[in-house]
Amino acid sequence: MAFWLMKSEPSVFGIDDLRAAKAKRTEWEGVRNYQARNMMRDDMKKGDRVFYYHSNCDVPGIVGLAEVAKEGYPDYTAFDPKEKYYDPGSDPQNPRWYMVDLRYKRKLKRTITLTELRDHRPLSNMKLLQKGNRLSVMPVASKQWDYILTLE
DNA sequence: GCCAACGTTGGC
DNA sequence: GCCAACGTTGGC
């Protein structure tokens with residue numbers, strides 16, 4: 001089993017939205033970055049664990065846990081001109097973009113903030129903390145996953 | 001293939 | 001709202 005971190009803006013779709021969703025699941029549509037696409041299409045497996053991270057908000061940080069409920073499949077929102085994430089370059093016969101489904105597991109007892117994560121040397125090589133990192137999907141080392149959970 | 005222009009991300 | 005960092009686009 002592998003571990004991941006996925007970013008979402010709470011004003012768009014936060015951890016509470018995931019918890020309130022039907023069957024506590026959602027389709028992770030709209031990722032339009034090739035690195036993130038590759039991970040969702042090729043590497044994320046059903047049952048993998050996911051840190052749910054709130055970005056672009058007052059207190060950025062890890063707020064909850066989710067899991068991969070469905071492995072990579074074509075992001076059909078790219079095919080529909082009415083969709084916000086429409087991409088005329090994605091052909092249904094040869095999809096450019098992929099997504100996974102996530103299932104809510106639980107909220108953390110408290111937000112483990114970005115600022116706090118930066119204070120822990122064992123986490124210093126996390127992708128999340130690297131300068132200029134903008135990936136919305138990234139792997140987390142299992143040791144770092146465990147370490148972060150001890151901070152809760 | 002180079003690189004300037006542009007758009008987006010996301011912390012602050 | 002600002003702006004640094006980065007990815008993408010497109011002219012050449």
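Treat the numbers as computed from the prediction; the structure is a model and nothing was measured.
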No-hydrogen, no-angle side-chain donor-acceptor test under 3.5 Å, [X] and [Y]:
| X | Y | answer |
| --- | --- | --- |
| A:Y98 | A:D42 | no |
| A:Y76 | A:E83 | no |
| A:Q130 | A:N125 | no |

Q: Kindly confirm or rule out a cation-pi arrangement of A:K84 over A:Y86, judged by NZ or CZ under 6.0 Å from the six-membered ring centre and within 45° of its axis?
A: no

Q) Under 30°, 30 to 60°, or over 60°: which ring-plane class applies to A:F13 and A:W28, parallel, tilted or perpendicular? A) perpendicular

Q.
Quick check: on DNA chain C, is the nucleotide nearest A:Y34 upstream (toward 5') of the one nearest A:K131, or the reverse? Name the residue that is more 5'.
A. A:K131

Q) Does the pair A:R96/A:D91 count as a salt bridge with the N-to-O cut at 4.0 Å? A) no

(Q) What residues from residues 77-89 of chain A pass a heavy-atom cutoff of under 4.0 Å to DNA chain B? (A) none

Q | A:R25 side chain to A:Y104 backbone, donor-acceptor under 3.5 Å | A | no

Q. Under 6.0 Å from the NZ atom of A:K143, do we count more than 12 heavy atoms belonging to anything else shown?
A. no

Output a table of nitrogen or oxygen pairs between the protein and nucleotides 5-12 of chain B separated by less than 3.5 Å.
from	atom 1	to	atom 2	distance (Å)
B:dT8	O2	A:R134	NH1	3.3
B:dG10	OP1	A:K7	NZ	2.9
B:dG10	OP1	A:R134	O	3.0
B:dG11	OP1	A:Y53	OH	2.8
B:dG11	OP2	A:N56	N	2.9

